[in-house]
Amino acid sequence: MRIFADEGELLEKYRRLSDEGRARISSQIDCELRIDAEVAAKRQENQRRGIEAAKKAGIHYGRPQTTFPENWDVVYAQWKAQDITADEAAVKLGISKATLYRMAKRRH
């Protein structure tokens, strides 16, 4: 593990402490770690509540879902009948091959 300059400086100071001083520092670090964990848990809970409230309000975060092209049903039927390849279907629909598969999964 790499030790940065400021960490090395702290380590040197820690080594100069008495056993009692090291115990106090160790206890303080444990306390700080608990506080950090509590703050992180509270932040995560607040985020969860915010997302839940947004969902109830009908707010959608993230990328909007792609809409199905008008010629979807025709091209999809050709692809499923193996008259055209997935690459050809994607080109006809004006979407990527990955989007074709995602949309096929959503629709059928």
Item to check | Point-to-point distance, once rounded to the nearest 0.5 Å, from CZ of R16 to CD of E12 | outcome: 7.0 Å
Checklist entry - If you round to the nearest 0.5 Å, how far is CZ of R43 from CD of Q47? => result 7.0 Å
Checklist entry - Would V91 and W79 show up in the same hydrophobic cluster when neighbours are defined by side-chain heavy atoms closer than 4.5 Å? => result no
Next on the checklist: For the CG atom of D87 and the OG atom of S96, what is their distance to the nearest 0.5 Å?
Outcome noted: 10.5 Å
Checklist entry - Given the rule that I, L, V, M, F, W and Y join up when any side-chain heavy atoms are under 4.5 Å apart, are Y101 and L93 in one cluster? => result yes
Checklist entry - Do NZ/NE/NH1/NH2 and the carboxylate oxygens of E45 and R49 come within less than 4.0 Å? => result yes
Checklist outcome for this item: Nearest heavy-atom contact between W72 and M103 is CH2-CB, 3.8 Å
Checklist entry - So does E32 have more than 12 non-hydrogen atoms from other groups sitting under 6.0 Å from CD? => result yes
Checklist entry - How long is the span from the CD1 atom in I51 to the CG atom in N46, to the nearest 0.5 Å? => result 11.0 Å
Item to check | Minimum heavy-atom distance L100-A90, with the two atoms named | outcome: CD2-N, 4.3 Å
Next on the checklist: Membership question, hydrophobic clusters at under 4.5 Å side-chain separation (ILVMFWY): are F4 and I29 in the same one?
Outcome noted: no
Item to check | Step-by-step salt bridge (charged side-chain N to carboxylate O under 4.0 Å, His left out) determination, K92 to E88 | outcome: CA-CA 6 Å; K92 282 185 172 190; E88 292 169 328; over 6 Å; no
Checklist entry - Say you draw a straight line from CD of Q78 to OG1 of T85; how long is it, rounded to the nearest 0.5 Å? => result 11.0 Å
Checklist entry - At what distance, to the nearest 0.5 angstrom, does CZ of R106 lie from OG1 of T99? => result 9.5 Å
Next on the checklist: Distance to the ring centre below 6.0 angstrom and angle to the axis at most 45 degrees; does that hold for R107 and F68?
Outcome noted: yes
Next on the checklist: I'd like to know whether R34 forms a salt bridge (charged side-chain N to carboxylate O under 4.0 Å, His left out) with E38, so could you lay out the CA-CA distance, the side-chain angles of the two residues, the decisive distance to 0.1 Å, and finally the verdict.
Outcome noted: CA-CA 6 Å; R34 277 193 305 275; E38 289 171 9; 5.7 Å; no
Checklist entry - Should Y14 and I3 be regarded as members of a common hydrophobic cluster, given that ILVMFWY residues are connected when their side-chain heavy atoms come within less than 4.5 Å of each other, either directly or indirectly? => result no
Checklist outcome for this item: Minimal heavy-atom distance between Y76 and A104, with the atoms involved, is CE1-CB, 3.8 Å
